[in-house]
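Computed over heavy atoms, backbone and side chain alike; hydrogens, waters and symmetry mates excluded.
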Amino acid sequence: MLVVSREALRALSEAAFGDINHYLRPGHLQQLRNILDDKEASDNDKFVAFDFLKNANIAAGGVLPMCQDTGTAIIMGKKGFRVITDGDDEAALRRRRARRLSAPQPALFAGGAAVDV
C-alpha cells in the first residue's frame, strides 16, 4: 500500500505544470532539428521549425511559458486501488492550478514599450 500526502500531490502538480509550460521532450526538439536539416523541407517548414526552437529556448528560461494563450488548464489524475491519499485530491491539484494561473505575468513589449498583462 502506498500513502501519498496532500502536499506531495501539490508538489507533483507544481512540477508537472512547470515542465509542461517550459520544456519540450528531447524527441520533439530532435524532430524540429531534423526539419532544419531536411533538404526536402520547404523554406516555410524551416522557418516554423526554427521559430518553434527559438520559442522553446525562451521558455526553457522558466519565465515565459511555451504557449501563452488563454486556454483552459485540464488536470487528469489516475490512482491505483492500492494508493491512499490523506485528503481531497481534487482540492490539492486545483489549488496549484489556481496559484499558477493567477501568478503575476511578466511584462510584454509592444512597439518598444512595456505592457503589463
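- Grouping Ile, Leu, Val, Met, Phe, Trp and Tyr residues whose side-chain heavy atoms lie under 4.5 Å apart, directly or via other members, places Val48 in a hydrophobic cluster with Phe47.
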Any chance you could lay out the ring pair (Phe, Tyr, Trp, His ring centres under 6.0 Å) test for Phe52 and His28, step after step, and finish with the verdict?
CA-CA 11 Å; Phe52 208 137; His28 192 167; 5.5 Å; yes
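- Shown here are the side chain to side chain donor-acceptor pair (under 3.5 Å) partners of Ser5, two or more places apart in sequence or in another chain: there are none.
- For the salt bridge (charged side-chain N to carboxylate O under 4.0 Å, His left out) condition, the pairs that include at least one residue of residues 44-53, sequence neighbours left out, are Asp51-Lys54.
- When the side chains of ILVMFWY residues are joined at heavy-atom separations under 4.5 Å, either directly or via intervening members, Leu9 and Leu2 end up in a single hydrophobic cluster.
- The side chain to side chain donor-acceptor pair (under 3.5 Å) check on Asp37 picks up Arg33, with sequence neighbours excluded.
- Residue Asn21 holds its CG atom at 10.0 Å from CE of Met66, rounded to the nearest 0.5 Å.
- Between the Asp86 side chain and the Arg6 main chain, a donor and an acceptor come within less than 3.5 Å of each other.
- Asp88 pairs by the side chain to side chain donor-acceptor pair (under 3.5 Å) definition with nothing, not counting sequence neighbours.
- Closest heavy-atom contact between Pro65 and Ala59: C-CB, 3.9 Å.
- Of the inter-residue distances, the one linking Glu7 atom CD with Leu12 atom CG reads 11.0 Å to the nearest 0.5 angstrom.
- Residues passing the side chain to side chain donor-acceptor pair (under 3.5 Å) test with Glu40: none are found, sequence neighbours excluded.
- Val83 has its side chain within reach of Val4: a pair of non-hydrogen atoms, C-beta onward, lies under 4.5 Å apart.
- Between the side chain of His22 and the backbone N or O of Ala60, no donor-acceptor pair lies under 3.5 Å.
- Here Leu29 contributes atom CG and Tyr23 contributes atom OH; the two are 12.0 Å apart, rounded to the nearest 0.5 Å.
- Between atom CG of residue Leu64 and atom CG of residue Asn55 there is a gap of 9.5 Å, rounded to the nearest 0.5 Å.
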